[in-house]
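Only a predicted model underlies this, so the values are computations on that prediction, with no experimental measurement involved. Heavy-atom basis, side chains included; hydrogens, waters and symmetry copies ignored. Each chain gets a letter, A, B and so on, in the order its sequence line appears, and its residues count up from 1.
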Amino acid sequence: MVTDAVVTDADLALESILDRYGRWPTHLLQMLIAAQELDGWLPPARITRLATALGLPRARVEGVAGFYSFLYLRPVGRYRVLFSDNIIERMQGSQALMAALAARLWVEPGKVSEDGLVSVDTTSCIGMGDQGPAALVNGQPLTRLTRERVEAIGDLIRCGVPVADWPEEFFRVDDGVCRRDGLLGLAMAPGAALTAALARGREGWLAELEASRLRGRGGAGFTTAVKWLACRDAPDPHKVVVCNADEGEPGTFKDRVLLASRADLVFEGMTLAAWATGAREGFLYLRGEYRYLLPHLEAVLAGRRAAGLLGADIAGQAGFDFDIEIHLGAGAYVCGEESALLESLEGKRGTPRIRPPFPVTHGYLGRPTVVNNVETLAKTCLVALQGGAAFARTGTAQSTGTKLLSISGDCPRPGVYEFPFGVTLRQVLEACGAERTQAVQVGGASGVTLAPYEFDRRIAFEDVPTAGAFMIFDDQRDMFEVARNFVHFFAHESCGFCTPCRVGTALLKGYMDKLADGHGAYRDLAEIEWLDRLLKNASHCGLGSSAPNPVIDTLVKFRPAYERRLGRADFEPAFDLDGALARARQMTGRDDAGAHLSNAPEAQP
Amino acid sequence: MSEAVPRKLKVATVSLAGCFGCHMSFLDIDEYLFELLDKIEFDRSPLTDLKHCGPCDIGLVEGGVCNAENVHVLREFRRQCKTLIALGACAINGGLPAQRNHLDIGHCLQAVYLSRPGLAGGHVPDDPELPLPLDKVHPIHEVVRVDYFLPGCPPTGEAIWRFLSDLIAGRTPRLDYPMLHFD
């Protein structure tokens, strides 16, 4: 600062951000998010200053900023409207609404308006599938968009009305809980589960958790007690508890409901994990799309600190010290993968790590770390209150307890449903009133596509595992377009670290688009199937290996949706050959036979 | 009674939007050329200067597709060759010539033929003899079906020799990692 001639207000603000985060490089992402609020984007000079102040290479800071979708290295509009682009919102008409808003504001989607006022674009699923079409405006969720509402929004933007002054109704987010069971029906006073667990002692509490046979609700279904025990038994004494609230799987929103209305259960679950493992540090990694929940969550944390449920000597237990810090994500699906999440938590790009070693022994900053899903942590409160045996009485042999499902798509009553594990798809479809269902996508874009002949299968780790997404498609939907939407999603969210995923998802997207554009040939199906295998077998992490799932499943179960897009030829060029000569024809003024090409090779001499 | 001499395989080669580097690398197989010529004979190729390709067993295509003539030649190869191989980086990905893909071809023609300093009364050539450039340079598999890809810039003579001997012997060509590793 001494050598600089001019010190601007923004520089001073940046200094205060640096101080707020203790100048720790681990908080780089948090600082970038805060620094972006100064101008709405991150000018090069600010990146440089951050790098200098933190003693990091500038490329490292810019590399982190460039990784996250919600960090901008170029100026953006004062209003940034991002339409949620999951297939569910598309079915709700999001594309037409986005076009209408863009037209009303005279702006091309994906670009900033010339006066710098506004940009309109798409973003990956924002977790509002049951109340869409939805969008984010400067990070705040807009739900239930209609033509009228979009027009009103266009007017508010043109008149420069601050987002804070827009009608509250536009931002209404409902929990939409449609079926309650053990967890959602629970009315627990903060601290009750903790008191019960403390009364059992550390060993007693872990024994209950083991007896519950609780498995992780994030999708992989790893046994929670095994994870906690491994963390506790790891040699490094500095244990860490992380709550994975990066609910990015398209079509999932049940964690949003837990965070909005059951945050005490989630934080208490983290504290229970701290009690079991001896952790003193906790982090909740909140996806950027849920940033609007941050004030609420901070308030709940403050309440718990005031009540002696966080901090030193928790619940009167001498030496039981634990506190929770909330870290924000910034729009990166891959950070839902636990090792990528840890990288992000350390202020880096969200590139998944090579495992083993697993986070339980080498996690956050190399310390033993428990990473659990929001729902898993909330469920540990039930175990503490009722005991493990009681918990294990619900569900199936290998999947105890209940599961929250985020139901969206073609049904009259979308929302969050809590069912005991073992429920059949048919029962779920009946509960939400779905009719003429042609397919259900269980587990989000990376999950499985199930056809009607499979509707008697059960939601359970031993049959159809799921992190909670349940997207319904009726017989009017085009399952090829569903798969294509997911393929675009993965191509966008690939972290770019490994070639099979970075290139494979882009190639797969190219083939799906070729079919969609009417240039498909039988040969392309073979290429698609080859790419599916390559992605599955050669990718660095689960994102790449699950990216082809929707294509693999729909190719088996809805193959005619692909076949009807194929031409009669075995092979079709990837682009319009004659169209590719148009510019040269224009420049030369030629229109002779040699200035044209046929797309069908047979037509050529 | 001695075995009948096996029919020699017909091989055609061509360089489209390439630099002939892959062909040079092919020649780099040196004395193996004699062994190769016991098993194959060349049809259309820069080595024979034949202008059209007859029915062939194997077609080797160097370079990407940058103009209308490339499309016609490539289609002729596809029509005539049982097995078509994309030889080298440009045939596989477009390579160096595809560096122009972010430029507008109209602006390129303008810059070269109309607005270059010292150029008076220039015009964009419009002779029908000249092939029109495509707006972008494409890998060959976007225009015709391709059976094998032999990467490298250029692939080494050793890699080309190994690839062809596999193919001629009826084995699926497979290059060991060192033959695909360039840095």
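- Using non-hydrogen atoms only and a strict 4.5 Å limit, no part of residues 85-93 of chain B faces chain A.
- Side-chain N/O atoms of A/D121 and A/S119 include no donor and acceptor closer than 3.5 Å.
- Annotation: cation-pi geometry satisfied between A/K514 and A/F571 (NZ/CZ under 6.0 angstrom from ring centroid, within 45° of ring axis).
- Neither the backbone nor the side chain of B/N67 comes within contact range of chain A, judged by heavy atoms closer than 4.5 Å.
- Ion pairing of B/R7 with B/D57 is present here, as a side-chain N (NZ or NE/NH1/NH2) and a carboxylate O approach within less than 4.0 Å.
- Ranked by heavy-atom pairs under 4.5 Å with chain B, the first of A/A582, A/A521, A/A574, A/G594 is A/A574.
- Residues from residues 129-161 of chain B that place a non-hydrogen atom less than 4.5 Å from a non-hydrogen atom of chain A comprise B/L130, B/L132, B/P133, B/L134, B/D135, B/H138, B/H141, B/E142, B/V143, B/V144, B/R145, B/V146, given in numerical order.
- Salt bridge A/R349/A/E343: absent, no basic N to carboxylate O contact under 4.0 Å.
- In this structure, A/S113 contributes its side chain and A/V118 its backbone to a donor-acceptor pair below 3.5 Å.
- Ring to ring, B/F20 and B/H23 are close: their centroids are under 6.0 angstrom apart.
- Ion pair B/E69/B/K51 not flagged as a salt bridge, since none of the NZ, NE, NH1 or NH2 atoms sits closer than 4.0 Å to an Asp/Glu carboxylate oxygen.
- When all heavy atoms of A/R583 and B/D104 are compared, the pair lying nearest together is NH2-OD2, 2.7 Å.
- In this structure, A/A561 and A/D478 approach most closely via the heavy-atom pair CB-OD1, 4.1 Å.
- Ion pair B/D49/B/R44 not flagged as a salt bridge, since none of the NZ, NE, NH1 or NH2 atoms sits closer than 4.0 Å to an Asp/Glu carboxylate oxygen.
- Remark: B/R174 does not engage B/D166 in a salt bridge, criterion side-chain N to carboxylate O under 4.0 Å.
- Using a 4.5 Å cut-off between heavy atoms, B/Q110 contacts chain A through both its backbone and its side chain.
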